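Quick note on labels: first sequence line is chain A, next is B, and so on, each numbered from 1. What you are looking at is a predicted structure, and each value in this text was computed from that prediction instead of being measured. All values below come from the heavy atoms of this structure, side chains included, with hydrogens, waters and symmetry mates left out.
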Protein chains: 2
Amino acid sequence: MAIAQLTPAERDAALAALPQWSLRTDGLAITRDFRFRNFSEAWGFMSRVALLAEAQDHHPEWSNVYNRVSITLTTHDAGGLSGRDVKLAEAVDTL
Amino acid sequence: MAIAQLTPAERDAALAALPQWSLRTDGLAITRDFRFRNFSEAWGFMSRVALLAEAQDHHPEWSNVYNRVSITLTTHDAGGLSGRDVKLAEAVDTL
């Protein structure tokens with residue numbers, strides 16, 4: 001089932017409400033980088049995000065190098081940003 | 001403390017013993033890509049690798065997109081591949 005991509009106006013409003021996230025240069029994803037004290041803390045954070053992702057059935061594209069975690073959110077079924085990305089970003093920001 | 005980089009001969013021997021890993025084009029890291037049935041399985045695998053990494057105090061550079069996991073191993077303190085990468089790769093292969 002196709003998921004609706006955010007309109008430019010919706011996207012701008014979402015980004016304004018998610019000041020710690022950046023729009024990827026192609027406009028199809030949002031990204032946020034995190035830094036922790038060590039791998040243990042980074043992994044603890046990732047574990048919490050993994051639970052959120054499964055609960056929302058929407059999964060990040062992400063990478064980890066020791067204490068750093070980079071998260072990219074996009075919705076393949078929408079060909080870009082959707083409300084699912086906004087919802088997951090909001091949840092991540094509450095951690 | 002600087003860690004010894006593998007000699008070319010040691011590197012070749014290690015790669016021969018790790019047929020599922022590839023040498024990165026710059027010769028300074030080894031990589032392996034994994035594919036699972038779903039995110040839950042991918043995450044379970046990553047959790048086991050995380051425990052290995054902490055136990056060995058040597059951590060991967062890795063990324064995950066849903067059911068796919070890509071692992072890169074290199075040793076920054078050696079400026080390339082070291083015995084630590086080989087040891088972690090061997091442990092990952094036993095999972």
Going only through I, L, V, M, F, W and Y residues with side-chain contacts under 4.5 Å, is there a path from [X] to [Y]?
{"X": "Phe34(B)", "Y": "Leu95(B)", "value": "yes"}
{"X": "Ile30(B)", "Y": "Phe45(B)", "value": "yes"}
{"X": "Leu28(B)", "Y": "Leu6(B)", "value": "no"}
{"X": "Leu15(A)", "Y": "Ile71(A)", "value": "yes"}
{"X": "Phe36(B)", "Y": "Val65(B)", "value": "no"}

Structural part of Ser40(B) lying under 4.5 Å from a heavy atom of chain A: both

Does any backbone or side-chain atom of Thr72(B) lie under 4.5 Å from a heavy atom of chain A? Answer side chain, backbone, both or neither.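 Neither part.
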
With a 4.5 angstrom heavy-atom cut-off, which part of Ser70(A) approaches chain B: side chain, backbone, both or neither? neither

Hey, what do you get for CE (Met46(B)) to CG (Asn64(A)), rounding to the nearest 0.5 Å?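 It comes to 7.0 Å.
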
Over 60° means perpendicular and under 30° means parallel, so tell me whether Trp62(B) and Trp43(A) are parallel, tilted or perpendicular. parallel

Option passing side chain to side chain contact (heavy atoms under 4.5 Å, CB included) with Tyr66(B) (candidates His59(A), His58(A), His76(A)):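 Checked His59(A), His58(A), His76(A) against Tyr66(B); only one passes side chain to side chain contact (heavy atoms under 4.5 Å, CB included): His59(A).
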
